[in-house]
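A short write-up of the structure that comes next.
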Amino acid sequence: MSRILSLCLALLASFCLVTAAQAEEISNEFFVLNVPSGWQKTISPTQANGALVVLVQNPKEKVVVSVSITPVKMPAKQLAEVTAKNMQAGGFTVAKPVQQGDTYTVEFKQNAQNTSGIHYFSSNGERGGVVTIMAPSASQIAKGKLFVQENLKPVDAKLFPAKY
């Protein structure tokens with residue numbers, strides 16, 4: 001009996017630790033983003049010209065994640081192509097958009113800032129969803145992808161990819 005009680009107490013303590021480790025939850029009409037310990041909100045959810053932007057980072061891992069919802073009525077492919085063209089004009093090295101289900105991805109690099117990243121462009125016909133992960137290395141970008149996969153919960157699934 002004491003073993004069962006000890007096990008129950010240990011599980012309860014673990015649950016409390018997991019709950020305490022979750023620093024914050026950002027919730028809006030488009031998504032819920034859990035911001036666990038080690039991550040911090042850099043920009044609170046802001047709205048300008050109908051766009052919603054949330055920026056979080058993990059300073060230790062040097063990973064930045066941005067989630068944007070824009071009132072742009074254009075397909076994901078077009079949104080990716082326009083953004084890639086603008087980034088190239090701004091001095092980024094940009095790969096061609098790649099289709100991933102209903103989402104298009106664009107990988108980019110800026111040597112001057114030692115930054116690489118990937119954009120995920122999605123659309124529901126009324127709005128565009130853009131998730132951006134930036135970091136100095138591929139392994140750090142992979143950590144950002146894992147963070148997004150585990151912590152971003154779409155309200156409108158068409159605004160986000162199924163997998164990062």
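Bear in mind that the values here come from a model prediction, so they are computed numbers and not experimental data. Residue indices begin at 1 and follow the sequence shown. Quick note: numbers below take in every heavy atom, side chains included, and nothing from hydrogens, waters or symmetry partners.
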Problem set entry | Listed partners of Val98 passing side chain to side chain contact (heavy atoms under 4.5 Å, CB included), at least two apart |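 Thr105.
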Problem set entry | Partner of His119 under ring-ring contact (aromatic ring centres under 6.0 Å, His included), chosen from Phe92, Tyr104, Phe108 | Phe108
Problem set entry | Side-chain (Glu25) to main-chain (Ser27) donor-acceptor, under 3.5 angstrom | no
Exercise. So, Asn58 side chain and Lys60 main chain: donor-acceptor pair closer than 3.5 Å or not?
Worked result: yes
Any [X] side-chain heavy atom under 4.5 Å of [Y] side chain:
| X | Y | answer |
| --- | --- | --- |
| Leu52 | Asn28 | yes |
| Gln140 | Ile133 | no |
| Val131 | Val148 | yes |

Exercise. Is the CG atom of Asp102 crowded by more than 12 outside heavy atoms at less than 6.0 Å?
Worked result: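 For Asp102, atom CG is not crowded (no more than 12 foreign heavy atoms under 6.0 Å).
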Exercise. When you look at NZ of Lys163, are more than 12 heavy atoms from neighbouring residues, nucleotides or ligands closer to it than 6.0 Å?
Worked result: no
Exercise. ring-ring contact (aromatic ring centres under 6.0 Å, His included) between Tyr164 and Tyr120: does it pass, once the steps are laid out?
Worked result: CA-CA 8 Å; Tyr164 296 88; Tyr120 293 86; 4.9 Å; yes
For this session: Using the side chain to side chain donor-acceptor pair (under 3.5 Å) rule, take Thr103 and Gln100 through it: C-alpha gap first, then chi angles, then the decisive distance, then the call.
Result: CA-CA 5 Å; Thr103 297; Gln100 177 183 315; over 6 Å; no
Which side-chain N or O atoms in residues 64-81 pair as donor and acceptor under 3.5 Å with protein atoms at least two apart or in another chain?
from, atom 1, to, atom 2, distance (Å)
Lys73, NZ, Glu126, OE1, 3.4

For this session: Could you note down all residue pairs passing ring pair (Phe, Tyr, Trp, His ring centres under 6.0 Å) where residues 127-157 supplies at least one of them, sequence neighbours left out?
Result: Trp39-Phe147
